[in-house]
2 protein chains.
Amino acid sequence: MTASRTARERVRAELSREIVDIARRQLATEGAGGLSLRAVAREMGMVSSAVYRYFPSRDDLLTTLIIDGYNALGEAVERAEAARPRDDFLGRWLAACHGARDWALAHPHEYALLYGSPVPGYEAPQDTVPARLRDVTVLSAVLRDAVEAGAADPPPLGPPPPATLVADGENMRAIMAGVPDELILRALTSWTAMYGWISLELFGQLNNAIEDRRTAFDHSMRTMAAVMGLH
Amino acid sequence: MTASRTARERVRAELSREIVDIARRQLATEGAGGLSLRAVAREMGMVSSAVYRYFPSRDDLLTTLIIDGYNALGEAVERAEAARPRDDFLGRWLAACHGARDWALAHPHEYALLYGSPVPGYEAPQDTVPARLRDVTVLSAVLRDAVEAGAADPPPLGPPPPATLVADGENMRAIMAGVPDELILRALTSWTAMYGWISLELFGQLNNAIEDRRTAFDHSMRTMAAVMGLH
DNA sequence: GTTCGTCAAGAGCAGTGCTCTCGTTTCTGG
DNA sequence: CCAGAAACGAGAGCACTGCTCTTGACGAAC
């Protein structure tokens, strides 16, 4: 199983990649709804039916675009966070947040594909799960490291976590081993605030309300960092 | 200008309403992308071109659906919040949050149309603005009333608001007169957390992570209430 | 050298938004 | 009351979509 088995397989892989590239470009300019298999084929000088040799349906093409998108976003978040000193937990958190926001602003349509309303008639297959967790894994790691270093002292806020949630947190505890339940829930809240902000900003709900959005986002994320006890 | 000017105008208004009703039903079952003018016409026993006498384009029909949706959501939030005693500020806040979430869960496709990615390429006419502010107005009123009653004592969290944001808050200060700038920003963060949660939950990002979502949402909103100083 | 699988191409189906024309119905001004 | 104007439903048609099926050609394996 070398990288180049036969000439046929090589050209097939190359064409598949070209289709995805053109599709991503069309996605970036036209949006998810404007992605057309026929237009992709036209741009490649192929006939539409030929594309179906490589992707059995439009949704399959969309799925690989989604997975690529999650990976691109996750990688952007990872890179932004990795640029900060390991013991600067607040800086790592803020860098990750800005990394996500910057990527979303640079790729609005791809972000909409990931975190916007699901595409009509399209059900996200399980294949997307691993790629989808890359960004939240980064955010979790920051908090976990802070807890391990004893650098997270969350202030008392509101009631203690309900019992059902403590039992519920099994899945999240896997990524955030050692983090107290209350803090896991605050991380979840911070996560919703972050993606809520990005979505509202990107989808135009913040127009005529906030002008200096980057500063406001920064302040908002600092507030959530304080809620989690990061300094 | 009586309610029934001519027979023609009456049947026109009636048919317009019927078109919108059918369209909303199709929206609820098929989603925004599945809304088809031809299907609406078919269900009405009309021919597709006849519908264009009432709505000049599919996007215009979508726009009225959006406005209707904002009003329905705003009304649901208003009703939920109004059911609480006026001096129970935490209760009013939580009721408004749950009102929004309950409505979203009951009308997922309509919610996606309002707070999801803009579907048909681009569309956000100014007509939607007044209806869009109904829910956020309710949330703002709770905080403003609490401040007026001296019942909001936000804990110290993070740095003070940057100067540019203080100058930026003109628009929001109109709805939240008397609320300190720092608290306005925390309200904004709480708002993003609330809609972020609802969106992430509705769009499936919370699957396999949280089972008892209502309780978790409640806890999250209580945390944000504490951030705003509501007890 | 023949066979077999892969491939691009083309025609075609059912559906979409939207435009235009053509009679008919309804309203309105004289 | 009646003619002209405006509104209306029906139908045909355009350009587009995702997708299927068949046909013929090419390359690789036996």
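Remember, predicted model here, so these are calculated numbers, not experimental data. Chain identifiers are assigned alphabetically (A, B, ...) following the order of the sequence lines, protein sequences preceding nucleic acid strands; residue numbering begins at 1 within each chain.
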Asker: When you match B:Arg12 and B:Arg38 each to their closest nucleotide on DNA chain D, which lands nearer the 5' end?
Answerer: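 Result of the comparison: B:Arg12.
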
Asker: Could you state the CG-P distance from A:Leu37 to D:dT20, rounded to the nearest angstrom?
Answerer: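 In whole Å, D:dT20 P lies 11 Å from A:Leu37 CG.
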
Asker: Look at all strands and tell whether B:Leu35 reaches a base, only sugar-phosphate, or nothing, counting heavy atoms closer than 4.0 Å.
Answerer: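 Sugar-phosphate contact only - B:Leu35 comes under 4.0 Å of backbone atoms but never of a base.
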
Asker: Within this structure, what is the CZ-CE distance for the pair B:Arg101 and B:Met221, rounded to the nearest 0.5 Å?
Answerer: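 Between atom CZ of B:Arg101 and atom CE of B:Met221 there are 10.0 Å.
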
Asker: So what does A:Leu61 touch, heavy atoms closer than 4.0 Å: a base, only the sugar-phosphate, or nothing?
Answerer: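 The answer is nothing, as A:Leu61 stays clear of every strand by at least 4.0 Å.
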
Asker: Any side-chain N or O of A:Arg10 below 4.0 angstrom from OP1/OP2 of D:dA28?
Answerer: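 So the side chain of A:Arg10 is outside the cut-off, no N or O lying under 4.0 Å from OP1 or OP2 of D:dA28.
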
Asker: How close or far is atom P of D:dC19 from atom CZ of A:Arg58, stated in whole angstroms?
Answerer: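 After rounding, the gap between these two atoms is 8 Å.
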
Asker: Report the distance from atom CD of B:Glu18 to atom C1' of D:dC8, rounded to the nearest whole Å.
Answerer: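 So the CD-C1' distance, B:Glu18 to D:dC8, works out to 16 Å.
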
Asker: Would you mind reading off the distance between B:Met44 atom CE and D:dC8 atom P, rounded to a whole angstrom?
Answerer: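 Value for this atom pair: 13 Å.
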
Asker: Check the phosphate of D:dC19 against A:Ser48, side-chain N and O only, distance under 4.0 Å to OP1 or OP2. Yes or no?
Answerer: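 Checking A:Ser48 against D:dC19: no side-chain N or O falls below 4.0 Å of OP1 or OP2.
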
Asker: Just wondering, are more than 12 heavy atoms of other shown residues or ligands nearer than 6.0 Å to CZ in B:Arg84?
Answerer: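 No - once you tally the heavy atoms of other residues, nucleotides and ligands closer than 6.0 Å, there are 12 at most.
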
Asker: Check the pair A:Arg10 / A:Glu14 against salt bridge (Lys or Arg N to Asp or Glu O under 4.0 Å), numbers first and verdict last.
Answerer: CA-CA 6 Å; A:Arg10 244 191 326 191; A:Glu14 201 163 310; over 6 Å; no

Asker: Among D:dG9, D:dT17, D:dT20, which nucleotide sits nearest the side chain of A:Tyr52?
Answerer: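 Side chain of A:Tyr52 sits closest to D:dT20.
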
Asker: Would you kindly compare B:Arg8 and B:Gly45 by the position of their nearest DNA chain D nucleotide and give the one closer to the 5′ end?
Answerer: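 Going by which nucleotide is closer to the 5' end, it is B:Arg8.
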
Asker: To the nearest 0.5 Å, how far apart are OH in B:Tyr54 and OG1 in B:Thr64?
Answerer: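 If we round to the nearest 0.5 Å, B:Tyr54:OH and B:Thr64:OG1 are 15.0 Å apart.
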
Asker: Among the candidates D:dT17, D:dG13, D:dC21, find the nucleotide nearest to the side-chain atoms of A:Ser49.
Answerer: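 Selected nucleotide (nearest to the side chain): D:dC21.
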
Asker: On DNA chain C, which is the earliest and which the latest nucleotide, 5' to 3', with an atom closer than 4.0 Å to a heavy atom of chain A?
Answerer: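 Listing 5' to 3', DNA chain C meets chain A from C:dG5 to C:dG12.
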
Asker: Name the residue closer to the 5' end of DNA chain C, choosing between B:Pro56 and A:Val47 according to the nucleotide with the nearest heavy atom.
Answerer: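 Final value for this comparison: A:Val47.
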
Asker: Checking only heavy atoms, does the side chain of B:Arg53 share a donor-acceptor pair with the base of D:dA7 at less than 3.5 Å?
Answerer: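 In this structure, the two groups form no donor-acceptor pair.
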
Asker: Within this structure, what is the CZ-to-C1' distance between A:Phe55 and D:dC19, rounded to whole angstrom?
Answerer: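 After rounding, the gap between these two atoms is 16 Å.
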
Asker: Is a donor on one side and an acceptor on the other found under 3.5 Å between the side chain of B:Ser117 and the backbone of A:Ser117?
Answerer: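 Side chain of B:Ser117 to backbone of A:Ser117: a pair is present.
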
Asker: Going through the checks in order, is the salt bridge (Lys or Arg N to Asp or Glu O under 4.0 Å) test met by A:Arg214 and A:Asp218?
Answerer: CA-CA 6 Å; A:Arg214 185 183 170 85; A:Asp218 188 87; over 6 Å; no

Asker: CG/B:Asn71 to CG/B:Asp135 distance, rounded to the nearest 0.5 angstrom?
Answerer: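 Spacing of CG (B:Asn71) from CG (B:Asp135) equals 10.5 Å.
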
